[in-house]
Amino acid sequence: MDQAIPLTALVERATSAFQKRFGRPARYVVAAPGRVNLIGEHIDYNDGLVLPMAIDRYTVLAGDLAEGESACVYSRLMDEQHIIPLASGDVTGLPVWTRYLRGVFDAYREEGIYPKAFDAVVDSTVPLGGGLSSSAALEVATATLIETITGQSVTPVRKALLCQQAEHRSAGVPCGIMDQFSSVLCQAGHLMLLDCRSQETTMVPMTDPSIEVLIINSNVKHELTGGEYAKRRAQCEAAAQALRVPTLREASLAMLEEKKSELDALLYRRARHVITEINRTTATAAAIEAGRWADVGELMAASHASLRDDYEVSCPELDILVAAASELGIEQGLLGSRMTGGGFGGCTVSLVKTEATTKVAKEICKRYRRQTGVTAIAFATPPAQGATVLVSNRS
Ligand code: GLA
């Protein structure tokens with residue numbers, strides 16, 4: 001099992017790196033978590049319901065105000081430092097990670113909040129490119145730092161939306177609102193039921209000490225992600241249009257069956273995933289509140305099958321991890337498992353009995369390695385707290 005360094009140690013690492021590099025103490029330290037989605041996959045951009053939680057893996061920015069018109073940021077993970085212009089100025093030569101910061105600067109400026117020049121160290125325990133929203137964590141940390149050093153802030157919902165805009169512009173992926181909402185708004189000890197149409201959140205307590213969330217990173221990433229994601233989104237829009245509803249949130253299974261003959265077979269399957277997944281998400285939140293864990297497990301299995309067969313965003317590696325988990329089953333402490341995030345690699349999320357976590361994780365990783373030759377990485381996480389300001393010494 002992978003043990004991430006705790007947030008306090010991560011902060012210590014970032015602040016001492018700042019002191020060493022910039023020769024003065026960091027006056028501001030902020031943290032934003034990654035997220036895992038328990039259920040409701042490829043649903044946010046269809047205006048439906050999703051059920052993510054923040055994980056106790058964070059991106060931290062430790063910094064101080066500086067002179068000039070730019071941010072000077074050292075990434076501890078990349079071991080590189082770059083000057084990122086706050087506004088105008090060429091960024092084409094800069095590496096991808098700096099574009100997330102710049103995207104947030106742009107979004108805040110357009111909102112009337114002018115980022116000030118700063119120096120900072122960025123450090124993180126969110127696995128990069130593993131489908132746990134490392135980019136959202138960086139965007140939300142950046143937004144939190146801007147709000148802290150300017151003393152001006154927007155509402156948490158607006159903050160998440162500005163970070164989503166930054167993602168659209170920086171990565172060119174038309175993502176939904178789930179990742180940035182999770183990193184801003186999640187609360188420790190809770191899953192967040194997010195209605196992506198109304199943007200309202202309901203916190204679902206997840207505090208039963210006998211149940212744990214286990215994340216297993218397949219450590220593969222198939223290179224289709226960006227293009228396939230945009231394609232799925234377009235297919236959902238086409239299906240909604242054919243069903244004559246504004247979004248698939250407004251469609252029902254009965255309506256879909258009635259119009260089946262008018263619908264292209266592929267669009268039918270895409271829509272079936274979305275409609276059934278929204279129902280599964282509502283049902284999962286209710287089952288968790290009632291402690292009906294066997295039902296939760298079945299809903300997670302059905303979600304995975306639907307993503308694999310109807311939505312076609314899984315991959316052999318994720319299917320192997322989920323199959324290994326379901327072979328273990330409830331008897332061995334495995335309550336449910338499915339792929340999580342955009343797909344085509346990345347992670348699975350499982351619910352396990354706490355007493356069995358280590359054993360179950362070891363066994364799944366062993367079977368995975370035997371079948372794929374790849375080493376997966378497993379870790380358990382409690383539902384963590386959204387973005388926080390840890391140090392703010394404004395003078
Ligand atoms: C990515 C996107 C999210 C969401 C998921 C799939 O993580 O950034 O907005 O669509 O995929 O559920």
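Values below: every heavy atom of this structure, side chains too, minus hydrogens, waters and symmetry copies. Just so you know, ligand 1 is whichever comes first in the structure, and atom 1 is the first atom listed for that ligand.
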Novice: Taking NZ, NE, NH1 and NH2 as the nitrogens, is one of them in R169 or E110 under 4.0 Å from a carboxylate oxygen of the other?
Specialist: yes

Novice: Let me have the donor-acceptor pairs involving side chains of residues 15-22, under 3.5 Å, with sequence neighbours excluded, atom names and distances please.
Specialist:
from: T15; atom 1: OG1; to: V11; atom 2: O; distance (Å): 2.9
from: T15; atom 1: OG1; to: E12; atom 2: O; distance (Å): 3.1
from: S16; atom 1: OG; to: E12; atom 2: O; distance (Å): 2.9
from: S16; atom 1: OG; to: R13; atom 2: O; distance (Å): 3.4
from: R21; atom 1: NH1; to: Q81; atom 2: OE1; distance (Å): 2.7

Novice: Taking only residues two or more places apart in sequence or in another chain, which ones pass salt bridge (charged side-chain N to carboxylate O under 4.0 Å, His left out) with E139?
Specialist: none

Novice: Just grab all the side-chain hydrogen bond (donor to acceptor under 3.5 Å, both in side chains) pairs involving residues 148-157, residues at least two apart or on different chains.
Specialist: none

Novice: Can you tell whether the side chains of D295 and R280 come within less than 4.0 Å, N to carboxylate O?
Specialist: no

Novice: Got the residues with a heavy atom under 4.0 Å of ligand 1, by chain and number?
Specialist: R35, E41, H42, D44, Y45, C175, G176, M178, D179, Y229, G341, G342

Novice: Between the side chains of R24 and D64, is the shortest nitrogen-to-carboxylate-oxygen separation below 4.0 Å, so that they form an ion pair?
Specialist: yes

